[in-house]
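Accompanying notes for the structure given below.
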There are 2 protein chains.
Amino acid sequence: MSKATALHHDYETLLREAGVRITKQRQAILKIIADAADHPDAMEIYNRASALDASVSLPTVYRTMKTLEENGAIRRHTFEGGPSRFEHADSEHHDHLIDVDTGSVIEFTSPKIEALQREIAEELGYDIIHHRLEIYGKRRR
Amino acid sequence: MSKATALHHDYETLLREAGVRITKQRQAILKIIADAADHPDAMEIYNRASALDASVSLPTVYRTMKTLEENGAIRRHTFEGGPSRFEHADSEHHDHLIDVDTGSVIEFTSPKIEALQREIAEELGYDIIHHRLEIYGKRRR
DNA sequence: AATGCAGTTGAAAATCACTTGCAATTAGTT
DNA sequence: AACTAATTGCAAGTGATTTTCAACTGCATT
């Protein structure tokens, strides 16, 4: 009994339960998202999904990303300069280290930093809605 | 002998020394930037500078921002959704708390968070080029 | 002060990342 | 199978920013 990944990413069921119709275009996009181990942008998702179903269009990718985001299934990130990039939302919160040379993204978490942020917001009289911490770095050699 | 602000923001001299010509359009833009206590975007800078010199155009605002950024005089921030916003680069590094209701920006620093970030990058084998930490919050009432 | 010319300008067009309008199509109920 | 509202692709529209290009202008040099 294999268990390739810890999570199933059953976006189809999730969307269906939210009253969203599962079209063949969305099936292709959903599969790409579910299988993605990286943080692809819309164009990249469009390219990958087109290979599964040539009828997928870029507007549909954007519309599907929006729907998934509204249903809490994915998270959107806008790193410096570039277009929005997406990732599953089911993992616990984490921040990102972006390799400025390759654009690849490494995830990390720091409970200490999280706690310090809450302290800071507290002192300034604010409730945190969300935050983003991005470290842009170069691999040491 | 008055000393209104701690820093002079003498962008004109800085640019001149970098071999950049000081046109009347740039003088107007530079004055707006030097006097700005907030984080205006290009359109806002254009509006303010137009009052000083009607011949300033939006492309020139963008070109001047780019030149200032390349010379390390200003910093560009792209907060969620909105356009780039600019601020002087001479102050010490700080992070931002953005009021999601008003769009206003509060600056803060946390040496502890900075230190933790260095530790994290270190562990991952990276040298930090720069980073950004933004907290999006609502004022507590 | 006049000259020369590379740097700079504004206007218009181009680009980039999305978003929207709309007529045709289709998923999913009845 | 019939129905109908959700969804689609295409084309056009946005908003932010950049580029093209011919005209103009700092400013170093006569």
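Residue numbers start from 1 in every chain, and the chains themselves are labelled A, B, ... in the order their sequence lines are given, proteins ahead of strands.
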Would you be so kind as to tabulate the donor-acceptor pairs closer than 3.5 Å made by side chains of residues 72-80 of chain B, with sequence neighbours excluded?
from    : atom 1 : to       : atom 2 : distance (Å)
B:Arg75 : NH2    : B:Ala89  : O      : 3.0
B:Arg75 : NH2    : B:Ser91  : O      : 3.4
B:Arg76 : NE     : B:Glu69  : OE1    : 3.0
B:Arg76 : NE     : B:Glu69  : OE2    : 3.4
B:Arg76 : NH1    : B:Ser84  : OG     : 3.4
B:Arg76 : NH2    : B:Glu69  : OE1    : 3.0
B:His77 : NE2    : B:Glu87  : OE2    : 2.6
B:Glu80 : OE1    : A:His130 : NE2    : 2.8
B:Glu80 : OE2    : A:His130 : NE2    : 3.2

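Scored by the side chain to side chain contact (heavy atoms under 4.5 Å, CB included) test, B:Ile128 finds A:Ile135, B:Gln117, B:Arg118, B:Ala121 as partners (sequence neighbours excluded). Taking the salt bridge (charged side-chain N to carboxylate O under 4.0 Å, His left out) definition, one finds that B:Glu12 meets it with B:Arg16, sequence neighbours left out. Residues meeting the salt bridge (charged side-chain N to carboxylate O under 4.0 Å, His left out) test with B:Asp53, sequence neighbours left out: none. In this view, A:Arg141 satisfies the side chain to side chain contact (heavy atoms under 4.5 Å, CB included) rule with no residue, not counting sequence neighbours. Residues satisfying the side chain to side chain donor-acceptor pair (under 3.5 Å) test with B:Glu122, not counting sequence neighbours, are A:Arg140. For B:Leu116, the side chain to side chain contact (heavy atoms under 4.5 Å, CB included) partners at least two apart in sequence or on another chain are A:Lys112, A:Ile113, A:Leu116, B:Glu119. Checked against side chain to side chain contact (heavy atoms under 4.5 Å, CB included), A:Asp99 has the following partners two or more places apart in sequence or in another chain: A:Asp101, A:Thr102, A:Ser104, A:Arg139, B:Tyr126.
Rounded to whole Å, the distance from CG on B:Leu58 to C1' on C:dA14 is 15 Å. Taking atom CE on B:Met65 and atom P on C:dT9, their separation rounds to 11 Å, with Å as the unit. Rounded to whole angstrom, the span from the CZ atom of A:Phe79 across to the P atom of C:dA17 amounts to 16 Å. If you measure from atom CG of B:Asp53 to atom P of C:dT8, you get 16 Å, rounded to the nearest angstrom. Spacing between atom OH of A:Tyr62 and atom P of C:dA17 amounts to 7 Å, rounded to whole angstrom units. Taking atom CD on A:Glu12 and atom P on C:dA27, their separation rounds to 12 Å, with Å as the unit. In this structure, A:Gln27 atom CD and D:dT8 atom C1' are separated by 15 Å, rounded to whole Å. At whole-Å resolution of the value, CZ in B:Arg26 and P in D:dC24 are 19 Å apart.
For the atom pair CD of B:Glu44 and CG of B:Asn47, the computed distance is 5.5 Å after rounding to the nearest 0.5 Å.
Along DNA chain D, the nucleotide nearest to B:Arg63 and the one nearest to B:Arg76 differ in position, and the one closer to the 5' end is contacted by B:Arg76.
Pairs of residues two or more places apart, or lying in two chains, that qualify as ring-ring contact (aromatic ring centres under 6.0 Å, His included) and include a residue from residues 25-71 of chain A are A:His39-A:His96.
With D:dT19, D:dT17, C:dA17 as the candidates, the nucleotide lying closest to the side chain of B:Ser84 is D:dT17.
Within residues 96-104 of chain B, no residue has a heavy atom under 4.0 Å from DNA chain C. Taking a 4.0 Å limit (strictly below) on heavy-atom distances, residues 42-51 of chain B does not reach DNA chain C anywhere.
A salt bridge links A:Asp38 to A:Arg48: one of the charged nitrogens lies within less than 4.0 Å of a carboxylate oxygen.
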Under a 4.0 Å heavy-atom criterion, the protein footprint on nucleotides 25-30 of chain D, written with B, S and -, is BBS---
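Across all strands shown, B:Pro59 has heavy atoms under 4.0 Å from base atoms, whether or not it also approaches the sugar-phosphate.
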